[in-house]
Amino acid sequence: MELDERPRPKGDLATQLALEPLDSYSHHELDDRIALLEAEIARVIAHRGKAAAHKRAAEALFGTPSPQGSGS
């Protein structure tokens, strides 16, 4: 099985971050964390846009796949 075909593990890093207590962080450390998370969000949004464009290009080239079980 290829690495990209494996199921995603439950409890990914975003979930782990959301569960982490923040009480021990200073105001400056929280600002740094926010900046890192905002940069990651921007990276994910950009990738999502590229993936959507790729999908639109493939659909334009090959057509939109018919729904499963349409009986055609």
Side-chain angles (χ1 to χ4, degrees):
M1 181 180 292
E2 295 290 324
L3 290 179
D4 293 338
E5 294 175 359
R6 293 181 298 174
R8 293 185 194 271
K10 293 186 181 187
D12 62 358
L13 292 176
T15 302
Q16 292 175 21
L17 283 173
L19 297 174
E20 182 181 358
L22 301 174
D23 299 335
S24 64
Y25 286 91
S26 71
H27 192 272
H28 178 72
E29 289 171 325
L30 290 169
D31 286 343
D32 289 347
R33 184 180 176 122
I34 289 168
L36 281 169
L37 292 170
E38 287 174 339
E40 176 60 7
I41 289 168
R43 186 179 78 89
V44 171
I45 289 170
H47 181 76
R48 181 182 62 179
K50 290 176 188 176
H54 182 81
K55 180 180 177 188
R56 285 191 303 272
E59 287 174 347
L61 183 60
F62 299 111
T64 304
S66 62
Q68 293 284 344
S70 64
S72 297

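Predicted model, so just to flag it, every value in this text is computed and none were measured. Note that these values count all heavy atoms, side chains included, but never hydrogens, waters or copies made by symmetry.
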L37 side, atom CG; D32 side, atom CG - distance, nearest 0.5 Å: 11.0 Å
Interatomic spacing from CZ in R33 to NE2 in H28 - rounded to 0.5 Å: 14.0 Å
Could you state the interatomic distance from CD (E20) to CG (L13), rounded to the nearest 0.5 Å? 11.0 Å
Can you list, pair by pair, the side-chain donor-acceptor contacts under 3.5 Å of residues 39-52, counting residues two or more places apart and other chains?
from, atom 1, to, atom 2, distance (Å)
E40, OE1, R43, NE, 2.8
E40, OE1, R43, NH2, 3.4
E40, OE2, R43, NH2, 2.9

